[in-house]
J.: 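What follows is a single structure, and I will ask about it in a moment.
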Amino acid sequence: MVDTDSGWDGRGGRGSHGTRDTGGTWGMRGARAADAQPDRRVAAPDSRVAIPDRRIAIPDRRIAIPGRRVAAVSLVALAALATGCEPGTATGAQDAPPPARPTQAAAPSPTAPVTEDAKPPAAPPPSPSASTAAPAPDPDPTTARPAPEPSTAPPPRVLMRTGSESDRVRELQARLRQIGHFGRNPTGYYGSVTADAVRSFQAKRSLPVTGSTDEVTWQRLLAMTRVPKAAELRPPTERPLAAPDERCLKGRVLCISKNSRTLAWMIDGKVVSAMDVRFGSEYTPTREGVFEVFWKSRDHVSTLYDTPMPYALFFSGGQAVHYSADFAANGYGGASHGCVNVRDKKKVAALFGQVRTGDKVVVYR
């Protein structure tokens with residue numbers, strides 16, 4: 001029953017004058033706010049106690065409660081140790097290991113590096129870029145076998161080289177001439193012409209091209225040629241004699257060839273002696289044709305050029321066959337004024353003694 005004199009009108013209590021209702025509780029609007037606050041604080045700890053339990057099931061929510069960071073880290077570490085995976089790889093409970101993934105290669109262990117040694121023999125060879133590639137199979141024996149080192153055997157002994165001078169050099173030149181590698185008569189001196197002939201021979205026979213005659217080159221040349229005759233070893237001229245002109249085959253004839261630059265003293269088609277000669281320049285050419293010796297002068301001196309003309313055999317005006325000191329000294333580097341120069345003084349002296357006035361002279365190409 002309510003006291004009507006208490007002054008409570010239902011909007012708030014009046015201090016200590018309030019009375020309880022028949023239900024044993026304070027009126028809802030008559031109770032003080034301070035008196036009702038303890039009831040709400042008692043319920044708050046219950047909700048906080050349940051928070052760690054939810055954090056165990058949902059690790060991601062540990063960020064929302066800084067006050068429990070140490071406990072959350074411990075729980076995550078324990079879960080990682082239990083599953084053997086990196087943190088964050090499991091999507092369910094932390095105490096269950098993740099399913100095996102056979103298509104993903106496991107990371108190599110630091111103490112046991114992975115190599116290609118375990119591959120089966122039938123597997124294809126690894127990429128050339130692999131640092132631990134297995135050795136390639138042996139290549140074809142025909143390409144893998146190294147060629148023998150040239151330096152393992154001593155080189156063949158050199159028998160003749162540039163600057164050599166001997167009868168063997170003369171034989172070398174004669175043999176090279178037989179097979180077309182030496183275009184001159186043998187001289188016995190190993191000069192640049194002989195060296196070039198040897199190089200030509202070596203190159204054609206697949207020998208080392210050195211220009212020097214070693215034992216291998218010499219033996220190959222001996223097997224391909226015959227022993228030279230005396231006339232081949234010591235011919236009368238440096239250059240081979242040309243085939244005689246048909247006008248030289250009868251009688252006593254001085255047969256002079258401009259092409260071979262030789263003179264052959266012939267009697268009835270037989271060569272008695274031969275010698276090298278040179279001719280006039282293009283401005284003072286030696287005349288060609290058939291002539292006769294009309295004058296002989298042993299110690300002649302040219303009145304036109306004031307030069308000696310020993311053993312002169314005149315055949316056409318002022319042109320004659322005679323010895324030339326300039327030709328003997330300088331060879332074919334010079335020319336005459338139209339005469340036929342001879343450089344071998346002994347040969348032209350012997351010729352001067354044999355030739356008679358009226359003997360035929362034939363100059364041809």
Side-chain angles (χ1 to χ4, degrees), residues 138-243 257 259-264 271 273-278 324-334 341-348 350:
D138 293 337
D140 193 334
T142 58
T143 58
R145 186 180 298 109
E149 293 290 340
S151 58
T152 57
R157 183 169 61 96
V158 175
L159 304 178
M160 293 165 278
R161 56 167 56 91
T162 301
S164 301
E165 187 172 8
S166 64
D167 287 341
R168 180 180 275 186
V169 173
R170 189 179 294 273
E171 181 181 356
L172 168 70
Q173 294 167 336
R175 288 179 179 272
L176 287 171
R177 184 182 172 187
Q178 290 178 15
I179 55 179
H181 288 281
F182 191 73
R184 299 185 180 184
N185 287 333
T187 62
Y189 178 76
Y190 204 119
S192 59
V193 176
T194 304
D196 289 342
V198 172
R199 289 190 189 95
S200 174
F201 175 79
Q202 291 171 332
K204 190 170 183 179
R205 271 72 192 180
S206 300
L207 298 173
V209 181
T210 62
S212 298
T213 305
D214 53 36
E215 291 178 333
V216 175
T217 302
W218 179 244
Q219 292 300 324
R220 181 70 64 87
L221 182 61
L222 292 179
M224 297 180 62
T225 56
R226 55 175 173 77
V227 177
K229 298 178 180 179
E232 294 175 318
L233 291 172
R234 286 177 171 81
T237 59
E238 178 183 309
R239 298 177 180 274
L241 286 172
S257 170
N259 285 337
S260 64
R261 293 186 284 190
T262 58
L263 181 153
V271 177
S273 64
M275 56 205 75
D276 298 323
V277 295
R278 75 177 182 181
S324 170
D326 181 75
F327 183 28
N330 301 316
Y332 291 98
N341 292 163
V342 180
R343 61 180 171 186
D344 192 323
K345 193 171 186 178
K346 290 183 178 180
K347 285 186 177 182
V348 73

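Worth knowing before you read on, the calculation uses all heavy atoms, side chains too, and leaves out hydrogens, waters and symmetry mates. One is the number of the first residue; the rest follow in order along the sequence.
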J.: What are the two closest heavy atoms between D214 and P156, and how far apart are they?
T.: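 Closest approach of D214 to P156, heavy atoms only: OD2-CG, 3.7 Å.
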J.: So how far is it from Q178 CD to E232 CD, rounded to the nearest 0.5 Å?
T.: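 Separation between the atoms: 5.5 Å.
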J.: Is there a side chain to side chain contact (heavy atoms under 4.5 Å, CB included) between L263 and V348 once you walk through the steps?
T.: CA-CA 10 Å; L263 181 153; V348 73; over 6 Å; no
J.: Which pair of non-hydrogen atoms, one from A242 and one from S257, has the smallest distance, and what is that distance?
T.: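 It is CB-OG, 3.7 Å.
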J.: Mind checking the NZ-CE spacing from K346 to M275? Nearest 0.5 Å is all I need.
T.: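 Nearest 0.5 Å value for the NZ-CE distance: 14.0 Å.
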J.: If every non-hydrogen atom of S324 is compared with every non-hydrogen atom of R278, which pair is closest and at what distance?
T.: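 Scanning both residues completely, I find the closest heavy atoms to be OG-NH2, 3.7 Å.
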J.: Flag the pair M160 / T217 as yes when at least one side-chain heavy-atom distance between them is below 4.5 Å, and no otherwise.
T.: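 With C-beta onward as the side chain, the pair stays apart.
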J.: Out of curiosity, D196 CG to H181 NE2, how far, rounded to the nearest 0.5 Å?
T.: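 Atom-to-atom, D196:CG and H181:NE2 are 12.5 Å apart.
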J.: Going by heavy atoms in the side chains, are W218 and E171 under 4.5 Å from each other?
T.: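 A side-chain contact exists here, since the closest heavy-atom pair is under 4.5 Å.
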J.: Looking at every heavy atom in both A274 and T237, which two are closest together, and how far apart are they?
T.: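 Heavy atoms of A274 and T237 come nearest at C-CG2, 3.5 Å.
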J.: Does a side-chain heavy-atom distance below 4.5 Å link V198 with S212?
T.: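 Sidechains of S212 and V198: no contact.
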J.: What's the separation between atom OH in Y189 and atom OG1 in T162, rounded to the nearest 0.5 Å?
T.: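 Going from OH on Y189 over to OG1 on T162, the span is 7.5 Å.
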J.: Evaluate the side chain to side chain contact (heavy atoms under 4.5 Å, CB included) criterion for residues L159 and Q219: first the C-alpha distance (whole Å), next the side-chain angles of each, then the deciding distance (0.1 Å), finally the verdict.
T.: CA-CA 11 Å; L159 304 178; Q219 292 300 324; over 6 Å; no
J.: Report yes if some heavy atom in the side chain of R177 is under 4.5 Å from a heavy atom in the side chain of P228; otherwise report no.
T.: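 With C-beta onward as the side chain, the pair stays apart.
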J.: Treating Y332 as the side-chain partner and V277 as the backbone partner, does any N or O pair qualify as donor plus acceptor under 3.5 Å?
T.: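 Yes; judged by distance alone, with no hydrogens or angles, the pair exists.
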J.: Search all heavy atoms of L207 against all heavy atoms of R220 and return the closest pair with its distance.
T.: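 Smallest interatomic distance, heavy atoms only, reads CD2-NH2, 4.0 Å.
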J.: How close do A264 and L241 get, counting heavy atoms only, and between which atoms?
T.: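 Taking A264 first and L241 second, the nearest heavy atoms are CB-CD2, 4.4 Å.
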J.: Would you sort out whether R175 and V227 count as a side chain to side chain contact (heavy atoms under 4.5 Å, CB included), showing the intermediate values?
T.: CA-CA 8 Å; R175 288 179 179 272; V227 177; 3.8 Å; yes
J.: Within a strict 4.5 Å, meaning less than it, do heavy atoms of the Y190 and R168 side chains meet?
T.: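 Of all side-chain heavy-atom pairs linking R168 with Y190, none is under 4.5 Å.
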J.: Out of curiosity, T225 OG1 to L172 CG, how far, rounded to the nearest 0.5 Å?
T.: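 Answer for the OG1-CG pair, T225 versus L172, is 9.5 Å.
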J.: Just how far is it from atom CZ of R205 to atom OG of S200, taken to the nearest 0.5 Å?
T.: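 That separation rounds to 8.0 Å.
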J.: The test is salt bridge (Lys or Arg N to Asp or Glu O under 4.0 Å); show your working for D276 and R184 and say whether it passes.
T.: CA-CA 12 Å; D276 298 323; R184 299 185 180 184; over 6 Å; no
J.: Would you check, one step at a time, whether the test salt bridge (Lys or Arg N to Asp or Glu O under 4.0 Å) holds for D167 with R234?
T.: CA-CA 10 Å; D167 287 341; R234 286 177 171 81; 3.2 Å; yes
J.: State, with a plain yes or no, whether a side-chain heavy atom of T194 is found less than 4.5 Å away from one of T213.
T.: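 No, every pair of side-chain atoms sits at 4.5 Å or beyond.
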